[in-house]
Amino acid sequence: MLNIKQYKIKELPYSSNSLLKWIWYFVKPFKKRFFILSINRIVWSALFLSAPVIVSLLIDFVNSADFELNSNKGYYYLFYIFILFSIWNLSAYFRKYETFFRDELKRKLTIFSTIHNLNLPLSWHENQWTWNKMQRIIKARDSFYGLLSLFFWNILQQTWKLLMVFISLAIFAPFYISLIFILYSLLFLVIAYFKSTKIWKLTEIVNIYYEKVIWKWYEFASSIFSVKFFNLNNFIENRSKLVEHEQMWRVFNLIDVIFNKWVYLNFYGTFGYIIIGPIALYLLIDWSITLWVFTMILWYIWTTWDSIEVVWDIQDDYIEHKSWFMMLINLLKVKWENLDIDPIKKFSKSWDYIDINNLSFSYNNKLVIKNFNFNIKNWEKIALVGKSGSWKSTFIKLLMKQVAPTGWNILFSNKKNNININNIKRNELLKNISVVLQDTELFNTSIEENILLDFNWTKKEKKKLLDFVLKMSHSDIFVNELPNKEKTVIWERGVKLSWWEKQRIWIARVLARQTGIIVFDEATSSLDSKSEREIQKAMKEIFKWKTAIIIAHRLSTIKEVDRILVFKKWKIIESGSFDELIKVDWEFGKLWKLQKLD
């Protein structure tokens, strides 16, 4: 199993925009392997390029007078070539571990980024496109793999290759030949760099447009019910043509700049043959160099040209990979939200009251909740009623420590002590609170896995618990009619669930968690009367020996609760049982009469 414990969140280079610093953050825990693989790549390149040198020495030896006196020495050269070839092959074999290494780091980056994404503040997530966030991670993981490949396959290999060319020429060819090679290569790289600056800018523009416009637009187009029911086919087609047309011209400009660079550098590269080739031929005619050194120079011209071609390809690939990777960096630079305040205390299940005192919360400098006060008894079933607005759902987020309040004091109290929610770890708190939302979210997996999730149940416990929660949530009515019952995979092979069926699956999931506190956030507001009655039956069973907090929209769903709190601008204006409140012609009574008329 892949382990990402090596990555310390505190060591993330938040303040840096340096690509190298961010790559090193993911490579650093495995630096020993990284350096060993780098050395292996250097050895492989060095051996590959040293072969012509050994062959050159062998040929020079055969053509020398020493050959007639000591011909057996030639076997030593052949033996050296054999040893070099053997080590080169062995080194080439071990290069497979480079691929393993890159692939492992790519997967660890993906896991780490996903976990980081999940730990970001809820307020940040609410302002992001879900599909866009994961698309960014997937694109960046491939770019990260590509950047590591560039280092091993291209940068390290080509740099060493050029270095070996310069060293070999310095030994066997006249000094000015080596100098021409060096100046030619450096000038080429400088020209390639300046030709690439415009490509970098255009690539960034293209990629940002993909992320901020095209991806979002096609995500909109995937809302198939809205598209079909509102007859938006022509609208989607016209808007698609518009965004793709705009992007097409951006891509065309980018391609034009890339090809202009390619033609320019290709011309310059060819010019290198024209300069160095005739000089080498002149030296051969003048017997200043041997035939083999002349051949070696020509081969090294090709090697240098090939390496420089690779270098400009590296630039283009680097630009593309860097652009996507840096988009992920923008996500990783968002800091985790830690709402746990020392001293940390254990959550006690033996609490008597939840006391909410002077709770306040602002969103975008707008006050959503101000000086909110009430309490909840253990095992009490309580409903919160008020006009539509964001405060009720915001209260649930605050209770579950998903957002940071402006000011608060939520206490789990008993006769012995009061534990502030600030001092309870969020993970521990969430083990004791479950929520049923109006917008149900199920995973693309089996009904069984959707309900039991990844908790450590034994096989026997699994079956017993699953049967129990399906029955309690009244989900067994439709689950037993599905092709593979609880093993049926949702969304695949045409198997889909209605809204109320999904709601029951969610309720079964809440039951499986066996928490002492359950929150219903307007969970029945979109149901028809029949489905509502079915959910109410399930809720009646669920609420035994539980503390229930119900954010109510349909008042008919809260007839059985112990206490109803009616709010107006965060203040409790009415409190009592259902029967008590409908007798009074005030806020709750008026709401009840209106809903009866509907």
Side-chain angles (χ1 to χ4, degrees), residues 122 125-126 354 376 378-386 388 390-403 426 429-443 445 447-455 465-466 468-479 486 490 497-565:
L122 185 64
H125 282 281
E126 288 174 338
I354 300 176
I376 306 164
N378 201 351
W379 293 357
E380 185 179 21
K381 287 70 181 163
I382 189 169
L384 310 182
V385 177
S388 296
S390 60
W391 73 267
K392 289 174 286 184
S393 295
T394 301
F395 167 68
I396 300 304
K397 293 172 187 174
L398 288 164
L399 181 63
M400 301 186 77
K401 289 187 77 169
Q402 295 300 317
V403 292
R426 180 161 59 183
L429 181 71
L430 294 180
K431 289 176 184 176
N432 294 279
I433 304 178
S434 295
V435 62
V436 180
L437 300 171
Q438 181 180 352
D439 298 321
T440 52
E441 292 180 344
L442 299 180
F443 302 112
T445 183
I447 290 173
E448 179 184 28
E449 288 186 327
N450 262 291
I451 293 171
L452 300 180
L453 301 176
D454 191 28
F455 299 110
L465 181 63
L466 188 63
F468 172 74
V469 298
L470 285 172
K471 187 176 180 181
M472 285 284 287
S473 63
H474 295 262
S475 303
D476 57 334
I477 299 168
F478 65 89
V479 169
E486 69 273 7
I490 299 172
L497 302 178
S498 67
W499 191 93
W500 71 272
E501 287 171 339
K502 288 191 283 184
Q503 193 76 340
R504 290 194 204 185
I505 294 295
W506 188 298
I507 291 171
R509 179 192 288 173
V510 166
L511 282 170
R513 294 195 69 211
Q514 302 175 337
T515 59
I517 304 170
I518 297 178
V519 179
F520 273 73
D521 186 7
E522 298 188 326
T524 61
S525 61
S526 300
L527 294 176
D528 55 45
S529 299
K530 183 183 176 183
S531 300
E532 183 187 321
R533 284 194 296 273
E534 293 292 338
I535 293 292
Q536 280 181 316
K537 285 180 189 176
M539 286 166 66
K540 210 168 185 179
E541 297 293 328
I542 293 167
F543 291 162
K544 288 180 181 177
W545 316 112
K546 303 281 185 186
T547 303
I549 304 169
I550 304 166
I551 306 292
H553 179 72
R554 285 192 179 188
L555 303 184
S556 57
T557 62
I558 57 173
K559 290 180 179 180
E560 305 293 331
V561 302
D562 301 320
R563 187 160 53 115
I564 298 170
L565 301 180

Taking the side chain as every heavy atom from C-beta outward, state whether [X] and [Y] have any pair of such atoms under 4.5 Å apart.
X	Y	answer
V519	V436	no
I564	L384	no
Q514	L465	yes
R504	I477	yes
V510	V469	no

About how many Å separate [atom2] of [Y] and [atom1] of [X], when rounded to the nearest 0.5 Å?
X	Y	atom1	atom2	value
I354	I382	CD1	CD1	9.5 Å
L399	K397	CG	NZ	13.5 Å
N450	W506	CG	CH2	10.0 Å
Q402	L430	CD	CG	5.5 Å
F520	I558	CZ	CD1	13.5 Å
L511	L466	CG	CG	11.5 Å

Query raised in the report: Counting heavy atoms not belonging to K471, are there more than 12 under 6.0 Å from its NZ?
Result: no
Report task. Please name all residues satisfying side-chain contact (heavy atoms from CB on, under 4.5 Å) with A548, sequence neighbours left out, ordered by chain then number. Result -> K381, F543
Report task. List in chain and number order the residues that pass side-chain contact (heavy atoms from CB on, under 4.5 Å) with T515, two or more places apart in sequence or in another chain; answer none if no residue qualifies. Result -> S434, R513, I518
Requested in this report: State whether the side chain of S473 and the backbone N or O of I507 hold a donor-acceptor pair below 3.5 Å, judged by distance alone.
Outcome: no
Report task. Mark yes or no for whether T547, through its side chain, and I517, through its backbone, hold a donor-acceptor pair below 3.5 Å. Result -> no
